[in-house]
Number of protein chains: 2
Amino acid sequence: MSTKSIYQDRRIRKSKAALKESLIAIMKQKDFKEISITDIVQTADLNRGTFYKHYQYKEELLEEAIDDVIKDLIDSYREPYQEVEVLIVSKLSSSTIKIFDHVEKYSNFYSLLVKSNVLFELQKRICDELKKLVLQDITNQPLQHNINANLIASYQANAIWGMISEWIQSEFIYSAAYMAEQLLAILHLNSAKNTYRET
Amino acid sequence: MSTKSIYQDRRIRKSKAALKESLIAIMKQKDFKEISITDIVQTADLNRGTFYKHYQYKEELLEEAIDDVIKDLIDSYREPYQEVEVLIVSKLSSSTIKIFDHVEKYSNFYSLLVKSNVLFELQKRICDELKKLVLQDITNQPLQHNINANLIASYQANAIWGMISEWIQSEFIYSAAYMAEQLLAILHLNSAKNTYRET
DNA sequence: AGTTCTATTGAACAGATGTGCAATAAGTTC
DNA sequence: GAACTTATTGCACATCTGTTCAATAGAACT
């Protein structure tokens with residue numbers, strides 16, 4: 001049994017890679033909605049049947065192209081926060097803060113997605129992943145006040161993504177450090193506001 | 001000058017209404033991606049050219065169908081929170097809480113959107129609107145701690161939407177009141193966690 | 001090496017797309 | 001009501017879509 005058997009057929013790898021590369025290349029010129037399957041297979045120099053052998057629609061191809069980026073996002077989140085430049089409020093914050101570094105790293109790709117109006121596929125993917133990660137953190141430290149784990153996880157995940165999408169649409173005029181600062185400031189603000197109203 | 005002149009041509013109104021109605025009807029049976037323009041105009045009993053006269057793609061038609069729902073969402077947010085069933089943490093909370101009532105009111109429509117995998121168009125629209133509303137609230141009460149208004153607005157808007165989408169995907173197993181309770185509990189939790197870590 | 005397996009190809013097909021045009025129907029304005 | 005304006009229609013067209021098929025080429029396994 002060779003080690004190659006667990007991987008895909010080399011022909012499949014090559015075809016898929018060519019298709020992804022072509023899609024991203026065309027996305028730099030055309031809006032995603034305007035790109036046809038014929039466009040993709042022509043620049044990839046492949047038969048149209050080859051596309052349909054592996055994918056149903058171009059969105060599915062894009063999804064696979066995003067996979068690598070998502071993997072890095074997860075790594076960023078899991079990576080322990082070493083440099084203590086700013087005051088850390090909680091472990092949740094320290095993890096999510098790292099994500100801004102990841103987005104900055106892939107800012108070109110993210111911008112491309114925004115420009116092509118395919119932000120929403122990405123949005124779902126990212127929020128789903130963030131939610132899973134938050135859920136894992138939550139299960140370690142049991143919840144007070146009868147908080148619903150799924151709800152707070154979605155709350156946190158989408159809140160973070162809200163800041164990220166705002167950042168992307170601003171064409172990255174802020175630094176990752178500034179984004180991290182802002183997240184901390186917002187969490188502090190919630191704290192201050194609540195204690196003010198409660199006393 | 002008649003009062004009708006400011007409104008659309010009656011023919012346009014009728015055509016658009018028929019197209020929207022047909023789209024929603026078909027969406028109850030087919031996945032959004034599988035619905036063709038020909039499908040829509042056939043059930044609407046209109047010429048295909050009529051569709052292209054007003055819209056470019058079916059997504060644009062759907063967007064218009066969502067408009068009415070969005071209008072109600074904005075009304076829900078703006079409506080002052082009268083019934084004090086639960087402890088109100090802040091004015092922001094009291095406004096956002098009303099949104100859960102709105103979503104429950106349109107739960108059938110929201111479920112339909114989720115089922116048809118067109119949640120993302122909706123998501124963008126809603127988060128955009130929520131952000132605007134939050135921004136209006138913020139400008140009234142100036143920010144402390146050098147908080148970036150756009151960032152906190154997106155943070156809040158997407159966080160709320162995160163809970164909403166979680167709610168929808170759970171097929172509305174929770175009541176609107178429970179959702180409101182949970183939002184308050186999450187805000188309280190942030191407060192508690194922060195003060196704990198800071199002292 | 002030879003054998004088996006399967007990805008890719010090219011061709012063909014019905015259906016959908018997006019656009020254009022002249023004819024007609026329906027709306028608006030006075 | 002008459003004149004003007006424009007939405008809708010039916011038809012046609014080239015292109016794209018999604019699928020099927022036999023033929024071929026390439027990869028995997030012994």
Side-chain angles (χ1 to χ4, degrees), chain A residues 1-65 67 116-118 121, chain B residues 1-65 67 116-118 121:
Chain A
M1 183 184 291
S2 75
T3 57
K4 292 177 184 174
S5 56
I6 58 169
Y7 297 109
Q8 275 179 325
D9 191 310
R10 181 191 298 151
R11 292 169 295 182
I12 299 179
R13 285 204 313 271
K14 284 186 178 177
S15 295
K16 284 191 167 186
L19 289 171
K20 283 181 212 169
E21 197 180 344
S22 302
L23 175 62
I24 292 178
I26 303 172
M27 277 173 62
K28 288 174 182 167
Q29 299 157 351
K30 277 192 196 179
D31 193 84
F32 184 75
K33 210 163 247 159
E34 311 300 328
I35 299 174
S36 68
I37 310 293
T38 308
D39 281 340
I40 299 171
V41 294
Q42 270 177 2
T43 55
D45 195 29
L46 288 172
N47 189 277
R48 216 173 62 255
T50 303
F51 176 91
Y52 287 108
K53 178 87 183 185
H54 301 297
Y55 309 101
Q56 291 195 57
Y57 1 81
K58 51 187 178 177
E59 285 84 357
E60 219 171 306
L61 173 60
L62 177 68
E63 198 179 341
E64 232 181 69
D67 277 346
S116 300
N117 290 326
V118 286
E121 281 296 320
Chain B
M1 182 183 294
S2 74
T3 57
K4 293 177 183 175
S5 56
I6 58 168
Y7 297 107
Q8 275 180 324
D9 192 309
R10 181 190 300 154
R11 290 169 295 181
I12 299 179
R13 285 203 313 271
K14 284 188 178 177
S15 295
K16 285 191 168 187
L19 289 171
K20 283 181 214 169
E21 197 180 344
S22 302
L23 174 61
I24 292 177
I26 302 172
M27 276 172 64
K28 289 174 183 167
Q29 298 158 353
K30 276 192 197 180
D31 193 83
F32 184 74
K33 211 162 249 158
E34 311 299 329
I35 298 174
S36 68
I37 311 294
T38 307
D39 281 340
I40 300 170
V41 294
Q42 270 178 0
T43 55
D45 195 28
L46 289 172
N47 190 277
R48 214 173 64 254
T50 303
F51 175 91
Y52 287 108
K53 179 89 185 182
H54 302 298
Y55 309 101
Q56 291 195 57
Y57 1 80
K58 52 185 177 177
E59 284 84 358
E60 220 172 303
L61 172 60
L62 177 68
E63 197 177 342
E64 233 182 69
D67 277 346
S116 300
N117 290 325
V118 285
E121 281 295 323

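Each chain gets a letter, A, B and so on, in the order the sequences are listed, and its residues count up from 1.
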Classify the nucleic acid contact of D9(A) as base, sugar-phosphate or nothing, counting any heavy atom under 4.0 Å across all strands shown.
-> sugar-phosphate

Starting from P on dG18(D), measure out to OH on Y55(A) and report it in whole angstrom.
-> 15 Å

Please report, rounded to the nearest Å, how far the P atom of dT9(C) is from the CD1 atom of I12(A).
-> 13 Å

Kindly say if T38(B) contacts the phosphate of dT17(C), meaning a side-chain N or O under 4.0 Å from OP1 or OP2.
-> yes

R13(A) (side chain) donor-acceptor with Q8(A) (main chain) under 3.5 angstrom = yes

What heavy-atom pair brings D39(B) and E34(B) nearest, and what distance separates the two atoms?
-> OD2-O, 4.0 Å

Starting from P on dA26(C), measure out to CG on L46(B) and report it in whole angstrom.
-> 13 Å

Quick one: is H54(A) getting a side-chain N or O under 4.0 Å of the dT8(C) phosphate, OP1 or OP2?
-> yes

A18(A) versus A44(A), closest heavy-atom pair with distance = O-CB, 3.8 Å

Establish, with yes or no, whether the OP1 or OP2 oxygen of dA7(D) is under 4.0 angstrom from a side-chain nitrogen or oxygen of S15(B).
-> no

R48(B) or R11(B), whichever maps to the more 5' nucleotide of DNA chain C | R48(B)

Side chain of K53(B) - closest among dT19(C), dA7(D), dC16(D) = dA7(D)

What pair of heavy atoms forms the shortest contact from E64(A) to Y55(A), and how long is it?
-> OE1-OH, 3.0 Å

Rounded to the nearest Å, what distance is computed from the CG atom of residue D39(B) to the P atom of nucleotide dT17(C)?
-> 8 Å

K14(B) NZ to dG27(C) P: how many Å, rounded?
-> 6 Å

Of T50(A) and I35(B), the one whose nearest nucleotide on DNA chain C sits closer to the 5' end is T50(A)

Check whether the side chains of N47(B) and T50(B) place a donor and an acceptor atom closer than 3.5 Å, and report yes or no.
-> no

I37(B) has an atom CD1; how far is it from atom P of dT19(C), in whole Å?
-> 11 Å

Spacing between F51(A) atom CZ and dG10(C) atom P, to the nearest angstrom | 18 Å

Protein-nucleotide distance (Y52(B), atom OH; dT6(D), atom C1'), rounded to Å | 21 Å

